[in-house]
Number of protein chains: 2
Amino acid sequence: MTVSKTAEKSSEKAADAKGRKDAGDVHAEALQLGELSEQLGYVLKRAQLKVFENFLRCMASLQLTPAQFSVLLLVEKNPGRNQTEIASTLGILRPNFVAMLDNLESRDLCARIRSTNDRRSHILVLTDKGKAVLARAKKLVATKHEARLNDLLGQANREALIGMLAKIANEF
Amino acid sequence: MTVSKTAEKSSEKAADAKGRKDAGDVHAEALQLGELSEQLGYVLKRAQLKVFENFLRCMASLQLTPAQFSVLLLVEKNPGRNQTEIASTLGILRPNFVAMLDNLESRDLCARIRSTNDRRSHILVLTDKGKAVLARAKKLVATKHEARLNDLLGQANREALIGMLAKIANEF
DNA sequence: GATATTTGATATGGTCCATAACAATTATCA
DNA sequence: TGATAATTGTTATGGACCATATCAAATATC
């Protein structure tokens, strides 16, 4: 796996029509991936990196990471939940969720409200700005990001892919 | 996205048949994922984490990470290449590849050999032990890891999935 | 009311990823 | 040929993300 974002030097040793060394240096053309291209984990990781990379490009104007976008989506869909609930359903550990919320709150995208029922917990809600930004984000994702999948795979395959990935995420 | 490995507290507030507080605390049942479950990046990341997690379990006896496995596979398929070539085709940056090779070499799974053509570069090869370990790893992956995909999706879907992921990785 | 649990938070360490810089070696080319 | 540039492996370093332990405040439990 281990695919970084830079990468792809394409290693063109360019068989320059001139000097040869001694024989024994016959390759230097392109590496064979072999069984690697059939490895689930390898291809999954590479695809995930490419998708995140594209997501960040699409969201450059709104400065939202995939993680931040998922938080906004979940808070919008479940207003009034506390940090623990939102974080845990996203698989984020509470300690790591604090700085994330600090960021979103400092940008006035969401707000922590002390619960009156349980004064330990912070109820999370989107601010008006947060709702507006999320709305714009959704449009960007739909038109620039998810649409790209349709262009690449077609509608039916796109849905099949999402379904299979969800199945893996839930049942593997 | 942002799915950690622990996660899944499943937040069972367990509507315990006894005490109720004041009204106004009606929820606490289960959060709605909403559009999140249709987000490519989200489901991709969750699937990837589950797959890596399972990979590590399957490889526990051999102590191979997905990244290490991919290195061994690529070196076996392309013996005689140097560090830069192997690393770059895996998307690993050269500086980060050093410690990785130090590890594999210290376990006698692969070896660095000074090239006689270019005394700057280190040619990579698998040791006998490395070949043996890789052979065992392949079997484990095939029988315990990849086989699980067939059980879950079926042969045809599994191949379709790999194909689509590869397409995303290459053309997205 | 004493004890245990939960919530948000801090501190901290690990892993992975990315950049800059360096010595040794090789390529370039005036 | 010899000066300069480029490449290879390496080290050092910083950032992002992930995980654990711990804490004070508030609440639940008994």
Side-chain angles (χ1 to χ4, degrees), chain A residues 1-9 11-14 16 18-21 25 28 45-46 48-49 52-53 56 65-68 70-71 81-88 90-103 105 111-124, chain B residues 1-9 11-14 16 18-22 25 28 45 48-49 52-53 56 65-68 70-71 81-88 90-103 105 111-124:
Chain A
M1 313 356 183
T2 338
V3 177
S4 78
K5 283 167 198 159
T6 7
E8 314 316 274
K9 280 202 57 176
S11 68
E12 359 188 352
K13 280 294 166 68
D16 37 21
K18 279 203 311 175
R20 297 299 77 238
K21 317 178 178 185
D25 211 4
K45 180 78 180 181
R46 285 202 89 113
Q48 184 259 314
L49 287 175
F52 270 43
E53 200 180 325
L56 288 174
T65 68
Q68 292 168 336
S70 68
V71 170
R81 299 300 192 128
N82 65 27
Q83 295 183 199
T84 297
E85 292 172 313
I86 297 293
S88 81
L90 288 176
I92 304 174
L93 296 174
R94 275 78 66 208
N96 299 329
F97 196 45
V98 174
M100 217 176 144
L101 272 186
D102 288 346
N103 181 339
E105 202 173 21
R112 296 185 240 225
I113 304 178
R114 271 241 113 88
S115 167
T116 54
N117 297 330
D118 186 340
R119 295 186 29 246
R120 288 171 297 187
S121 60
H122 289 166
I123 292 310
L124 298 183
Chain B
M1 318 346 183
T2 339
V3 177
S4 77
K5 282 168 201 159
T6 7
E8 313 319 271
K9 280 203 53 175
S11 69
E12 358 187 353
K13 282 294 166 74
D16 36 20
K18 280 204 310 175
R20 297 302 77 237
K21 318 178 180 184
D22 52 58
D25 213 3
K45 180 79 180 181
Q48 185 258 314
L49 286 174
F52 269 45
E53 200 180 324
L56 288 174
T65 68
Q68 291 168 336
S70 69
V71 170
R81 298 302 191 126
N82 65 26
Q83 295 184 196
T84 296
E85 292 172 314
I86 296 293
S88 80
L90 288 176
I92 304 174
L93 296 175
R94 273 79 66 212
N96 299 330
F97 196 46
V98 173
M100 215 176 146
L101 272 187
D102 288 346
N103 181 340
E105 202 173 22
R112 296 184 239 225
I113 304 176
R114 272 242 110 88
S115 168
T116 53
N117 297 331
D118 185 340
R119 294 186 31 244
R120 288 171 298 185
S121 60
H122 289 165
I123 292 309
L124 298 182

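OP1 or OP2 of C:dA9 has at least one side-chain nitrogen or oxygen of A:Arg112 nearer than 4.0 Å. Look at A:Ser121 and you won't find any side-chain N or O under 4.0 angstrom from OP1 or OP2 of C:dT6.
Following rounding to the nearest Å, B:His122 (NE2) and C:dT26 (P) show an atom-to-atom distance of 12 Å. When the P atom of D:dA16 is taken as reference, atom CG of A:Leu49 falls 17 Å away, rounded to whole Å. The nearest whole Å value for the distance from the CD atom in A:Glu105 to the C1' atom in C:dG8 is 12 Å. Remark: C1' of D:dG9 and CZ of B:Arg81 are 18 Å apart, rounded to the nearest angstrom. Look at CG on A:Leu124: it is 12 Å from C1' on C:dT7, rounded to the nearest Å. Here the C1' atom of nucleotide C:dT15 and the CG atom of B:Asn103 are 13 Å apart, to the nearest Å. Rounded to a whole Å, the CE atom of A:Met100 is 15 Å from the P atom of C:dG8. As a whole-Å value, the separation of B:Arg94 CZ from C:dA21 P is 16 Å.
Considering only the side chain of A:Asp118, D:dT27 comes nearest among C:dA11, D:dT27, D:dT10. When the nucleotides D:dT8, D:dA21, D:dT27 are ranked by their closest atom to the side chain of B:Thr84, D:dT8 comes out on top. Comparing C:dT19, D:dT20, C:dG8 by their nearest atom to the side chain of B:Pro95 picks out C:dT19. Residue B:Arg119 has its side chain nearest to C:dT25 when only C:dG8, C:dT25, D:dT10 are considered.
Within the 4.5 Å cutoff, no side-chain heavy atoms of A:Arg94 are placed close to those of A:Gln83. For the pair A:Ile86/A:Arg81, a side-chain contact is recorded, criterion being any heavy-atom separation below 4.5 Å from C-beta on. Side-chain contact between B:Val71 and B:Phe97 is present, with heavy atoms from C-beta onward closer than 4.5 Å. Considering only heavy atoms from C-beta on, A:Arg112 stays 4.5 Å or farther from A:Ile123 through its side chain.
With hydrogens and angles ignored, a donor-acceptor pair under 3.5 angstrom links the side chain of B:Arg120 to the base of D:dT7.
Both A:Thr65 and A:Ser115 lie close to DNA chain D; mapped to their nearest nucleotides by heavy-atom distance, the more 5′-ward contact belongs to A:Thr65. Map A:Arg114 and A:Asn96 each onto its nearest nucleotide of DNA chain C; the residue landing nearer the 5' end is A:Arg114.
The CD1 atom of A:Ile92 lies 5.5 Å from the OG atom of A:Ser70; values are rounded to the nearest 0.5 Å.
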